[in-house]
K.L.:
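Provided herewith is a single structure, encoded as structure tokens, for subsequent inquiry.
The analysis underlying the following values was restricted to heavy atoms, covering all of them including side chains, and did not include hydrogens, waters or symmetry mates.
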Amino acid sequence: MPDAAIVVLAGTESPSDLGRVVNALQVTKEFDDAGDDVELIFDGAGTQWVGELEDEDHDYHALYAAVADHAQVCDYCASAYGVEDEVDASEADPIDEFEGHPSIRSLVGDGYEIITF
């Protein structure tokens with residue numbers, strides 16, 4: 001099985017965005033449960049989810065908590081979307097590999113399948 005990088009780009013503005021992040025969490029959990037190498041990357045507007053999912057009262061907090069050790073957050077985008085404090089308070093690792101952003105090219109070069117939500 002190839003390694004997988006799950007990239008959350010969906011923001012927090014609509015019910016369909018919630019569906020995307022839940023699907024991303026579920027896919028991450030599926031790979032993790034199977035023992036595969038998986039990374040969960042919150043990028044762009046997706047960085048807004050970290051603070052929301054860290055809230056223990058959020059409906060999907062338990063699912064997030066199950067995969068939080070795989071979570072990374074684009075450093076640049078966390079700042080751009082004004083969620084750096086939430087990210088700093090979370091278990092997610094800030095990632096700054098290419099001009100402040102995650103390096104998708106590096107993941108592809110390492111053989112990762114990139115799945116976006």
Side-chain angles (χ1 to χ4, degrees):
M1 176 61 69
D3 300 333
I6 312 303
V7 182
V8 177
L9 299 168
T12 57
E13 295 183 9
S14 74
S16 64
D17 293 335
L18 175 61
R20 288 187 192 132
V21 77
V22 170
N23 285 331
L25 297 172
Q26 195 66 44
V27 168
T28 302
K29 186 175 184 310
E30 181 180 12
F31 274 92
D32 188 45
D33 286 354
D36 299 321
D37 190 14
V38 62
E39 295 191 25
L40 174 62
I41 301 171
F42 293 90
D43 200 1
T47 59
Q48 299 168 323
W49 280 110
V50 175
E52 292 208 16
L53 294 168
E54 287 277 337
D55 181 351
E56 293 180 2
D57 292 330
H58 193 282
D59 289 344
Y60 294 98
H61 170 75
L63 179 57
Y64 171 75
V67 297
D69 58 327
H70 298 285
Q72 300 175 54
V73 182
C74 176
D75 192 48
Y76 180 89
C77 293
S79 177
Y81 282 90
V83 295
E84 358 14 25
D85 291 342
E86 292 90 340
V87 169
D88 289 343
S90 76
E91 294 182 43
D93 294 323
I95 189 168
D96 172 3
E97 299 168 328
F98 180 74
E99 299 180 358
H101 300 276
S103 175
I104 301 301
R105 182 181 186 280
S106 292
L107 290 165
V108 170
D110 290 341
Y112 279 76
E113 294 289 330
I114 310 298
I115 303 168
T116 60
F117 288 92

K.L.:
Write down the atom of Ala10, the atom of Arg20, and the distance for their closest heavy-atom approach.
P.N.:
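Here Ala10 and Arg20 meet closest at CB-CD, 3.7 Å.
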K.L.:
Would you compute the distance between atom CD1 of Ile104 and atom CD of Glu97 and round it to the nearest 0.5 angstrom?
P.N.:
8.5 Å
K.L.:
If we only count heavy atoms from C-beta on, is the Leu18 to His58 side-chain gap below 4.5 Å?
P.N.:
yes
K.L.:
Can you find a pair of side-chain heavy atoms, one from Tyr60 and one from Val21, that are under 4.5 Å apart?
P.N.:
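When only atoms from C-beta onward are counted, Val21 and Tyr60 do not touch, as no gap falls below 4.5 Å.
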K.L.:
Once you round to the nearest 0.5 Å, how far does CG of Asp85 lie from OG of Ser90?
P.N.:
11.0 Å
K.L.:
Hey, which of Asn23, Thr116, Val38 is the one that makes side chain to side chain contact (heavy atoms under 4.5 Å, CB included) with Ile6?
P.N.:
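Single side chain to side chain contact (heavy atoms under 4.5 Å, CB included) partner of Ile6 among Asn23, Thr116, Val38: Val38.
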K.L.:
Quick one: side-chain contact (heavy atoms from CB on, under 4.5 Å) partners of Ala71, sequence neighbours excluded?
P.N.:
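side-chain contact (heavy atoms from CB on, under 4.5 Å) list for Ala71, sorted by chain: Leu40, Phe42, Tyr64, Ala92.
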K.L.:
Might you point out which heavy atoms bring Ile114 and Val108 nearest each other, and give the distance in Å?
P.N.:
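Closest heavy-atom pair between Ile114 and Val108: CG1-CG2, 3.9 Å.
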K.L.:
Considering non-hydrogen atoms only, spot the tightest contact between Pro94 and Asp75 and give its length.
P.N.:
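Closest pair (atom of Pro94, atom of Asp75, distance): CB-OD1, 4.0 Å.
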K.L.:
Could you report the tightest heavy-atom contact between Ile95 and Gln72, atom names first, then the distance?
P.N.:
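Smallest heavy-atom distance, with atoms named: CD1-OE1, 2.6 Å.
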K.L.:
Please lay out, stage by stage, how Val73 and Val83 fare under the test side chain to side chain contact (heavy atoms under 4.5 Å, CB included).
P.N.:
CA-CA 10 Å; Val73 182; Val83 295; 5.9 Å; no
K.L.:
Ignoring hydrogens and angles, tell me if any N or O in the side chain of His70 forms a donor-acceptor pair with the backbone of Glu39 under 3.5 Å.
P.N.:
no
K.L.:
Can you check whether Phe31 reaches Val67 side chain to side chain, under 4.5 Å on heavy atoms?
P.N.:
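Phe31 does not reach Val67 side chain to side chain.
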K.L.:
Within the 4.5 Å heavy-atom criterion, are Glu54 and Glu91 side-chain neighbours or not?
P.N.:
yes
K.L.:
Please name the pair of heavy atoms, one in Lys29 and one in Leu63, separated by the smallest distance, quoted to 0.1 Å.
P.N.:
CD-CD1, 3.7 Å
K.L.:
Sort out for me which residue in Ile41, Asp3, Val7 forms a side chain to side chain contact (heavy atoms under 4.5 Å, CB included) with Leu107.
P.N.:
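Checked Ile41, Asp3, Val7 against Leu107; only one passes side chain to side chain contact (heavy atoms under 4.5 Å, CB included): Ile41.
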K.L.:
Kindly state each residue pair satisfying ring-ring contact (aromatic ring centres under 6.0 Å, His included) with at least one member in residues 77-117, sequence neighbours excluded.
P.N.:
Tyr76-His101
K.L.:
Using every non-hydrogen atom in the two residues, find where Gly100 and Cys74 come nearest and quote the distance to one decimal.
P.N.:
O-SG, 3.6 Å
K.L.:
Just by distance, do the side chain of Asp17 and the backbone of Glu13 share a donor-acceptor pair under 3.5 Å?
P.N.:
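Yes, Asp17 side chain to Glu13 backbone: donor-acceptor pair under 3.5 Å.
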K.L.:
Who pairs with Glu113 by side-chain contact (heavy atoms from CB on, under 4.5 Å), at least two apart in sequence or on another chain?
P.N.:
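Result, side-chain contact (heavy atoms from CB on, under 4.5 Å) vs Glu113: Pro2.
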K.L.:
Decide yes or no for Val50 and Glu86: does some side-chain heavy atom of the first lie under 4.5 Å from some side-chain heavy atom of the second?
P.N.:
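Counting from C-beta outward, Val50 and Glu86 never come under 4.5 Å.
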